[in-house]
Amino acid sequence: MKPTTKLLAMALLLPLLSFGQTQASNWYFGEGAGLRFNNDGSVTAVTDGKLNTTEGCATISDDTGNLLFYTDGIRVYTKDHVLMQNGTGLYGDPSSSQSALIVPNQKDTNIFYIFTVDTSVFEADPDYGLNYSTVDMSLDGGKGAVTSKNVRLLDYCSEKITAVLKDCFDKSVWVITYATNDGSEGVFDTFHAFEVNDTGVVTTSVKSKVNSFITDKRGYLKLSADGTKMASANVSQGLYLYDFNADTGVLSNEQRININAPNKDPYGLEFSPNNKLLYVHTYNAQQGLVTETSNLLQYNLTAANISSSEVILDNRNIYRGALQLAENGKIYRTIANSYDQGTQYLGVINNPNQLGTTAGYQHNAVNLQGKLATQGLPPFIQSFFAKEDLVKNTDGSTSPSLTICETDNFTLEVDNFPGATYAWSLNGVPIINNSNILNITNATLADAGKYALEVTPADPSECPIIGEAQVNINTLPIALNTTLTQCDLDSNSTDGFASFNLEQASFDISNGIAENTVNFYASITDRDANIPITNPIGYRNTTATKQTIYTSVTNENNCVVFAELILEVQPTTSSLPTRLPYYACDVDALDTEKTGSFNLDAIKTKDYPGLEVSFYVSIEDASLEFNPISGEDYISTSATLYARLEASNQCQGVEEITLIVQPTPEVVINDEYFLCTDNPVLGLNAEVRFDMYQWLKIEANGTENLISNTANATITAVGNYRLEVGYSYNGGTLNCVNSKEFKVTPSNIAVITNVEVKDLSNNNSISIIVTGDGDYEYAILNPLGPYQDSNTFTNVPTGILEVFVRDKKGCGTTAPFEVSVIGYPKTFTPNGDAINDTWQISGISSTFLAKSDIYIFDRYGVLVAKIDPSSSGWDGDSKGIPVPESDYWFRAKLENGRDFNGHFSLKR
């Protein structure tokens, strides 16, 4: 248990509103968003609201926290979320910062006044200034109706409005806004305070003229809950602080607070519950920004230089937003991405009475369950939140709430006022205790809830003092005394000393609640001094055979209970019992290290039925139950493991088990083979060093057919195949197999279907056209090559050529295929030297184009000779007479129909 916490709140004589904060128990705002503040201080998001407002809104509940009605300043909705009778057309505006504020009549509890402030958002939009409308809740069966509407108080004013209690006895209220002196359009320099009393709204205001001149209507106006301070946020024209006199309604002592943060335009405002701190939501009001930015700031109002006390609690890319104090003592912040885009979260300042970052801002703290917060939150009469905190922190600050554990003691307290009456209550139930101090000892869960204190001074002219505290009591964890038995596994296995893993007992000690924290202590003295054992894993007992150590169990709420842990040492024999080895095959035959997959779960089930078994890689780990291994696919080399046997988490013994990894064969075979379809027999051979073989053909549907179970196989069809080989161990109880898939693709000898010839040119060429399944290469003149991949040859000689096509996969070479490449000499010299004595066209032979005719003409077109293409050619004579040296023309008419001509020179 925690030590007793003493809590104290110093009360001041403040004019407090007699009705409680419950009138602020329900909030409706944004786009269908809402909150319900519960009696235990928690918050519940509600989604039944009908508002769709960019900024302003207002809500009111009764003095027991039941919703009455809410508004965006134009439309009024009942507690049943339907439009109230006559509840439309009010002169507020959803784009006004504080479009509306609701004030009850303190004499007639059925009468409420909705004050509205208007704004103009486009040129044709009129600005109706400050107005009020009256709601009578006794009408329409208790749902209420608007009985008078839009009573004008000021023709023109800012978008801001706030309210505070004037006096705790007559309970009249000041409603304040910022405007010109006479309420006409112009520069703001006057605050108007309108009194609301038993008779209704006093339409003549108390005016406070100030030194500043403001034209920017935007931003919030807030009074402190004690009614002594007021702050005004004027966006582009700065932040101002004033003193306020609740007796007279007059403001004084204007101070400008200079904002040093990056975003300098103030919008949302709120005072801390103790009225000593001011929170400001600033942003960058510059138009056309791609990314909106804002700051959440805190100022210390008791500092000598308030501006210099600035603390940035949050700085991020979001838009401006409101701040609003709630009945649970926390301040809530709207979070919007831009003017038009809200989010489904609120931020919260959890400890707003604390200076600096200890105020505890939490972003995205409240999820609105799909509804959207925009820029506004409902304002209230600030006196709703005027109360004294009954909890005093160790640093002297006060808080509205306290969280303790069961069996703790706590004290709530205010100053002792002689002759005063102290009325305490818990959750509305009176507590018999007429003292300024309330002591609760050995607290139970029934002591949790909302504590309220009303102090009635002896002097009837003094106002009552109201104090509140929310006390939350967390349950204690369960802690069980436990025994941890360890096997003595060190070198002296019978001396009664062993190493323990104390954390193995945590589960049992904490009753199976894994979220709880368990600490271990060597003595009660260490436990009380919170000096835990530093080596809970590897702790050796200091008393032989049996020793008691001490534990604490702490739950997530930091509540603590104690228990004892008994350490027992069980002696073991000098050597560990062993099991038969377990075998596995090497999972990768190609790597350098043999590793196998062992099913430890199956070993546990088969060989250790009914026992709690854990496996470890070392005796040290087995002893300390550290780094256990398990699973159906434990990858290991050949190794020794240690099986720790337990019953009820107590060590019963340790055994050695051996893991042996056997080699797996490597399959050596090509990825692809080729079957000559014109001779479909392919013989394949595997290595002959294996115990098992399977040659399998994989069919199109995935089935496999065995074609051989020896080292050799004959393949007669193309397709996909798999070769599986294996070693057999332990008489066939373990077979380590490996396989590889390969494919057999078709190939065959080519069939030459055509040879395309381009001749009678300076660069004769041929292209060989073939059909077939193979991958072919080509050669001319010689069947031995050289071969080339291209089927086209250039610069080929003239004449009768042989071409050859060879299958690259070994299915053979075609027979010689003759092709005629025609050409002729450009000159010839018939001089009888047996060199170039005749002229003939090459590429024509007795087998190629034998029935062709060749005619020779002189330059005048006279036929001088006709030659046979199979002869040796023209010898230069015409009718036995040598013709003169000159150029001659020829015409060839070939057997295949080709007809061409040309010319050549005869030289002698």
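Side-chain atoms are counted along with the backbone in the values below, which use heavy atoms only and exclude waters and symmetry mates. These numbers come from a predicted model, not from an experiment. Quick note: residue numbers are just sequence positions, from 1.
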Checking the side chain of [X] only, and the main-chain atoms of [Y] only, is there a donor and an acceptor separated by less than 3.5 Å?
X	Y	value
Ser97	Gly219	yes
Arg75	Leu51	no
Glu55	Ser99	no
Asp265	Ala285	yes
Asn351	Asn353	no
Thr53	Gly56	yes
Gln362	Asn350	no
His192	Val175	no
Asp216	Ser236	yes
Ser133	Asn150	yes

[X]-[Y] side chain donor-acceptor pair, cut-off 3.5 Å:
X	Y	value
Tyr279	Arg333	no
Tyr113	Asn105	yes
Tyr267	Asn263	no
Ser212	Tyr178	yes
Thr421	Thr456	no
Thr147	Asp136	no
Asp340	Ser338	no
Asp93	Ser95	no
Tyr242	Glu254	yes
Asp80	Thr78	no
Asn234	Ser232	yes

Discussion item. Could you walk me through whether Ile466 and Glu454 satisfy the side chain to side chain contact (heavy atoms under 4.5 Å, CB included) test, starting with their C-alpha distance in whole Å, then the side-chain angles of each, then the deciding distance to 0.1 Å, before giving a yes or no?
Written reply: CA-CA 5 Å; Ile466 305 297; Glu454 182 172 354; 3.5 Å; yes

Item to complete: Run the salt-bridge test on Asp247 and Lys166 with the 4.0 Å N-O cut-off and return the result as yes or no.
Response: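 A salt bridge is absent here (no side-chain N lies under 4.0 Å from a carboxylate O).
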
Worksheet item: Are Arg218 and Glu159 close enough for a salt bridge, meaning some N to O gap below 4.0 Å?
Response: no

In this structure, are over 12 heavy atoms from other groups packed under 6.0 Å from [X] atom [atom1]?
X	atom1	value
Asn211	CG	no
Lys276	NZ	no
Lys50	NZ	no

Under 4.5 Å between any side-chain heavy atoms of [X] and [Y], yes or no?
X	Y	result
Ser61	Asn66	no
Pro262	Ile312	yes
Ile259	Pro266	yes
Phe115	Thr177	no
Lys387	Pro400	yes

Practice prompt. Look at the rings of His81 and Tyr70 and say which category their plane angle falls in: under 30° parallel, 30 to 60° tilted, over 60° perpendicular.
Written response: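 The arrangement is tilted - the two ring planes meet at 30° to 60°.
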
Worksheet item: Which word best sums up how the rings of Phe29 and Trp27 line up, parallel for under 30°, tilted for 30 to 60°, or perpendicular for over 60°?
Response: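 Rings of Phe29 and Trp27: perpendicular, as their planes differ by over 60°.
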
Worksheet item: Hey, would you say the Tyr28 and Tyr77 ring centroids sit under 6.0 Å apart?
Response: no

Worksheet entry | Sub-6.0 Å ring centroid separation between Tyr332 and Phe37 | yes

Nearest-0.5 Å distance, [atom1] of residue [X] to [atom2] of residue [Y]:
X	Y	atom1	atom2	value
Ile114	Ile60	CD1	CD1	10.0 Å
Asn245	Asn253	CG	CG	12.5 Å
Tyr156	Phe188	OH	CZ	4.5 Å
Leu377	Leu346	CG	CG	6.0 Å
Glu310	Leu239	CD	CG	10.0 Å
Leu325	Glu270	CG	CD	5.0 Å

Practice prompt. Report the residue from Gln382, Gln324, Gln98 that forms a side-chain hydrogen bond (donor to acceptor under 3.5 Å, both in side chains) with Lys222.
Written response: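 The option that passes is Gln324.
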
Practice prompt. In sequence, state the C-alpha distance, the side-chain angles, and the governing distance for Asn26 and Thr59, and then conclude on side chain to side chain donor-acceptor pair (under 3.5 Å).
Written response: CA-CA 7 Å; Asn26 297 281; Thr59 311; over 6 Å; no

Practice prompt. Check step by step if ring pair (Phe, Tyr, Trp, His ring centres under 6.0 Å) holds for Phe194 and Tyr132.
Written response: CA-CA 11 Å; Phe194 292 90; Tyr132 77 90; 9.0 Å; no

